[in-house]
Amino acid sequence: MPTVYIPTLLQTFTGGKSAVEVEGATVRQVIDNLEQAYPGIRERLVDQGKLRPNISVAVDGEVTPMGLLEAVGPRSEVHFVAAIKGG
Amino acid sequence: MKWFDYATPASVGEAVGLLTAHPNARLLAGGTDLLVQLRAGRKETDLVVDLKRIPELNAIEYDPGRGLSIGAAVPCYRIYRDQTVARAYPALVELASLIGGTQIQGRASLGGNLCNAAPSADSAPLLIALGATCRVAGALGTREIAVEDFCTGPSRTVLQAGELLVSLHLPPPPAHSGARYLRFIPRNEMDIAVAGAGVEVVLDDGKFRSARIALAAVAPTPLFVREAGEALAGQPVNEASIARAAEIARASAKPITDMRGTAEYRRHLCGVLTRRAIEAAVERAREGKR
Amino acid sequence: MKTQEYSVIGTRPIRHDGADKVTGRALYGADFQMAGLLHGYILRSPHAHARIRRIDTSKAAAFPGVRAVMTADDFPQAPDRLVDLGEGDTPLSYARGNVLAKGKVLYKGHAFAAVAATSVHIAEEAAGLIEVDYEVLPCALTAPEAMQEGAPILHEDLKTKEFGEQTGRVSNVAEHFRHVMGDIEAGFAQADVIVEREFNTATVHQGYIEPHNATALWNNDGRILVWCSTQGAFVVRDVTACLLDVPVSRVRVTPMEIGGGFGGKIPVYLEPVAALLSKKTGKPVKIVMSRKDVFEATGPTPGSYIKVKIGARKDGRITAAQAYLAYEAGAYPGAMVAPGAMCVFAAYDIPNVVIDGFDVVVNKPSTAAYRAPGATNAAFATETVVDEIAEKLGMDPLDFRLKNAAKEGTRRADGPKYRRIGCVEVIEAMKKHPHYSAPLGGPNRGRGVAVGFWFNVGLPSSCTISVNADGTVNLVEGSTDIGGTRTSIAMQAAEVLGIPAEDVRPTVVDTDSVGFTAVTGGSRTTFATGWAAYEAAQDIVRQLKERAAKLWETDAASVTMERGIFRAGDKSITFQELAAKLDQTGGPVVGRGAVNPRGVGGSFSGNIVDVEVDPETGKVTILRFTAVQDAGKAIHPSYVEGQMQGGSVQGIGWALNEEYWMNGSGTMMNSSLLDYRMPTALDLPMIDTVIVEVPNPGHPFGVRGVGEANIIPPPAAIANAIYHAAGVRMNRLPMNPPAIMEAIWSQRD
Amino acid sequence: MHNKVRVRTTINSEPQEFLCEPRQSLLECLRDIFGLTGTKEGCNDGNCGACTVMMDDRVVTSCLVLGVEAEGCQITTIEGIARGSELHPLQRAFLQNAALQCGICTPGFIVAAKALLDREPNPSEEQIRLWLANNLCRCTGYDKIIRAVEQAAQEVRA
């Protein structure tokens, strides 16, 4: 199962757990399953069918422009990180 | 920038006439202060009087007996390209080379720098130290004023309505003398003095015969610290005498705190710069290079 | 492709736009001319925080030569929503409010009205006749000040956000970030040495030499045509359309040459105003900012308050690190504290970490990105604390860094593990450099080192290439060229096509003429638009193989291409020969590439710097400076070096003299290039560069962006050098002469 | 009054005559009247050097010169530096050394550097840095600019 790392400020939903395993073949599925286990968490990550502004998702250490549509492997690590801007 | 008219008088008399008829007129030599101030709205005018067609304001004359005369509108680059001046007044050439950068020196004049009357004006301390005087013309004729008496406050001078600065006069360099202006700026060029010290010393057999010292940017006007120079007169040239004069200069400074430095820091710099400038002037006097 | 096989990449061709730029023919935004052009002038607030009770524009409108006057009321009042301003989402009301304030001005220089007239002088004079009744409000100018209980509130509707959650607290803190890894208490308990320090850094500006400018024409067909200097023409298009409440297809933006940006020419300030003035007058309207406007109302990058605490064992391993970062966003949220928080310990492998970041609004201009935004402030803190710990442990500062350096697989505090990175390689290159062991050669001298990391970004880019009959190609792209990217992009296409770089003619075009392309920023252009060019060139090769196959009456799959020569069996034809036979084999060949890449490779950089400190004045002279950076693969080494040198010197300016010197009422007192002291040629030595190449596995040629990471280490490296020269640990920027003198004095006391 | 002033001058070796308002800077006149937009405005107060032109025997920042002051002067702008279709050695050296990134400061640097080489064909690094301190560049860190001037000096001497 993919491992989802829970951002520090969202660990109130997971009872302090910083990483949880949930099923899912895409980021969207992972978040949906996360919501099943920890109701309310999806709303903090997703707004109007998109990742919230200024949040990016990284799968296996790499930030993806595909967002919710990104594929997730059975041993993948999923992170939600701040979207990086540049000069 | 608001509309103004433009005049190019060909003589001092004509310029004085324009100034008298237009109390709000502004004089243009290099324009490096005036145009910036007009654009920023810090000054307003309905007539800009360009001084560059008036012969007396644009001449450099040197005579070993009478000294040097520099027209008030002569840009810095003409001073430092003049071989005669370079030999007789090396400190003046250095001064002309450190006001602004290359392009500014192509326009800015020592006379304009004085008339702008900024407390930080680089030209004033050295001119004071060298004993320079200002020749001023007005409707009633001309008068001579020592440079140390020329500025009366930030952006204020002794010039009366209808008067203008025609030229600066430096006495011939005394034998065994040396001069130096040192300023402190955070960059190495293109900067306004945080503090500055101008020094002229005359030596006599291992002793100071006389000295004149003036400071920049530490009072409402360029500051002539007569006592600091007098403290050197008759003293041997050594660390103690120089330190004493530097301490008098430091104690005489009345700086303010602003974006360029705190009052405490500026006072401290006065001591450092005065000491360094005296040492440099002494070295120059000893080398016979002024 | 292996490195040694490249024939174009790694060479140093003359840039394609070079002749135009050395003869004065290149046209920048302010150079744009058009018949009937009117000139706009923006009226700006003299107060840092005030309510506007009333604006009376009647006298200005009646002034001879004036053609139109406008205020924020002239904007369509579309309901608030989030809009993408190029590198992130912002409420529309904030975007509109920063262009022209409505009701309340939030910083000195905040625009709130505009005039169009027949000359710039008339427009300016008329703007001075606009009468405004202000209710001046108290202001908050620094993050610590604005975070205090009872501080003046900038936005009554702003509530602190915590990872997507509105906390309901009305405050100047727009957002709080937090990263936790491991057990911080346990980590510090294992430490033999702990150093904790506080830092304050001043607001600084990007300092590009070209002021912002824009010309707009609201055409009679309803289309809005814009010519301007921008880092991203599509951003200008999208933001302008959004503020004017028209579809994006109604706006065409033509990017003119741009005179520097560094992140500061991503935001949109003038274009929507010029467009509305044009609508009112029926004439094209040009607006150019003054230098004072640029300082007071664009850029800058956040000032900050930072606390860093690091603990290490005697053996040199860091056991725990904690950071508190409060960055000043300026008038609207977005202080780049998120990347600051992600970069603060990014160079190190640390098991126990806590990082808190606060995005704080203050009564200063709304901040913009500036080269690795947020990272320089953070690294100044971390890298000076790291230096102090290394000293306390008696370790060489580079050995200490090597011992703790992040590597592939190191988990960062914000969660993800690094992929292949060049941190170790950069530090090793620093150690090996002769500068590191050279004698200092005099008293009052010291040497300092520091490293920095920047993520870089990807984002979309598009490119098309068409083949000319003479064997050259035309490359069309949408990335404005700020530092030679036409050439670094063209070279990647040339490499694929097997032709010289000079045979690729790159052109940057308007938003009607190329696919969407994100900003020239985030060190992404050579990486992402270069990749689009690579894809477009691959597309050409694919098509040309088909053409060769047609000529030879064979199968395209049997045709190979290497270094510009197509082969099948014993037949061969050069790219140039084939290009002349396009008509007879099926007509023109156009290739296209469009990417939104992953595989972004972060870049590490490091500095070795020698300084001399005048113990009597506190003045620092940079004696020698070496910049090391991982470029992944340097496409055009001269322009990679140029990025490293330029970033280093901006970092030197930030370290030593640059700052917004604000008075108590929020006026910047040094808003000129005389008193905002950027380094001149006379303030610097030559800047030695070492390009490290740890290829980025995520890019076809291994490219990592090089535009940004180079600005991160200089302030810390210089602070460390000052310590070794003068014995004082500096904890504020700028480290200008009075600050250093004060530090020396307080140490003596 | 409010009359424009007629100015006779020489720009890039061509005699010229134009009308301008006294408040217009030489920079504005060059750009707006003659379309010589190679001379750039960076600060409009003499501190960045982007508007550098030759005025008779010295370089000036044209933002701090009134157009009316050009009467009777010889003005040379960046557009007058190349010899016909052949680039000046400084222009070639700037390209070969990658001495420009955004290029906005480049015209000012080239005009100022030419004035230096005209007077001092063998300048030291220190002399070059001092002479060019009135020209700001924010992209390059000056390193490659200094090297380009050194290379051009060599070529000019040869």
Side-chain angles (χ1 to χ4, degrees), chain A residues 2-14 16-20 27 30-31 34-35 38 40-67 69-73 75-87, chain C residues 82 84 86-90 162-165 175-181 206 231 261-264 266 301 334 336 338-339 341-342 354-355 368-374 409 414-419 454-460 519 521-524 596-600 698 705 707-708 711:
Chain A
T3 305
V4 182
Y5 285 73
I6 308 299
T8 305
L9 293 174
L10 298 188
Q11 288 170 14
T12 45
F13 289 94
T14 57
K17 272 195 274 186
S18 61
V20 296
V27 173
V30 165
I31 292 178
L34 205 55
E35 174 71 15
Y38 307 107
I41 197 167
R42 179 169 55 199
E43 195 201 323
R44 299 283 291 276
L45 296 167
V46 178
D47 185 30
Q48 297 170 16
K50 268 177 35 178
L51 278 175
R52 278 190 174 273
N54 305 329
I55 296 178
S56 290
V57 61
V59 177
D60 298 325
E62 191 169 14
V63 172
T64 165
M66 299 292 288
L69 304 182
E70 180 69 19
V72 176
R75 291 193 184 161
S76 286
E77 282 191 359
V78 178
H79 288 90
F80 298 98
V81 297
I84 283 288
K85 308 164 182 199
Chain C
L82 288 172
D84 186 350
E87 288 192 322
D89 294 306
T90 288
E162 288 189 336
F163 218 99
E165 190 199 17
E175 190 150 11
H176 169 213
F177 299 85
R178 171 163 256 237
H179 303 300
V180 176
M181 189 164 70
Q206 293 80 350
Q231 289 181 241
F262 315 110
I266 296 170
T301 207
M336 309 292 177
M342 286 163 80
V354 172
I355 301 166
Y370 178 21
R371 217 167 191 154
D414 59 308
K417 286 181 181 166
Y418 277 116
R419 295 161 73 91
W454 183 246
F455 290 87
N456 297 332
V457 305
L459 302 179
V519 297
S523 305
R524 65 173 289 279
N596 189 7
R598 61 195 81 199
V600 179
E708 295 172 283
I711 198 174

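Note on naming: letters A, B, ... go to the chains in the order of the sequence lines (proteins, then strands), and numbering restarts at 1 for each one.
- Among the candidates A/Ala58, A/Ala19, A/Ala82, the residue making the largest number of heavy-atom pairs closer than 4.5 Å to chain C is A/Ala82.
- Of the listed residues (C/Asp414, C/Asn596, C/Val354), the one with the most heavy-atom contacts under 4.5 Å to chain A is C/Asn596.
- Of the atoms belonging to C/Gln206, not a single heavy atom falls under 4.5 Å from chain A.
- Top candidate by heavy-atom pairs under 4.5 Å with chain A, chosen from C/Pro416, C/Gly698, C/Gly263, C/Gly705, is C/Pro416.
- Side-chain contact check for C/Tyr370 versus C/Ile711: some heavy-atom pair is nearer than 4.5 Å.
- Looking at C/Pro597, the atoms closer than 4.5 Å to chain A (heavy atoms on both sides) all sit in the backbone: N, CA, C or O.
- Among the candidates A/Asp47, A/Val63, A/Val59, A/Val81, the residue making the largest number of heavy-atom pairs closer than 4.5 Å to chain C is A/Val81.
- For A/Gln48, no part sits under 4.5 Å from any heavy atom of chain C, backbone or side chain.
- Counting only distance, with no hydrogens or angles, the side chain of A/Gln11 and the backbone of A/Ile6 share a donor-acceptor pair below 3.5 Å.
- Aromatic ring orientation, A/His79 versus A/Tyr5: parallel (interplanar angle below 30°, classes split at 30° and 60°).
- Distance alone, capped at 3.5 Å, places no donor-acceptor pair between the C/Ser523 side chain and the C/Asn456 backbone.
- Heavy atoms closer than 4.5 Å to chain A are found in the backbone of C/Val600, but not in its side chain.
- Heavy-atom distances place the backbone of C/Arg371, and not its side chain, under 4.5 Å from chain A.
- Considering only heavy atoms from C-beta on, A/Val72 comes within 4.5 Å of A/Val78 through its side chain.
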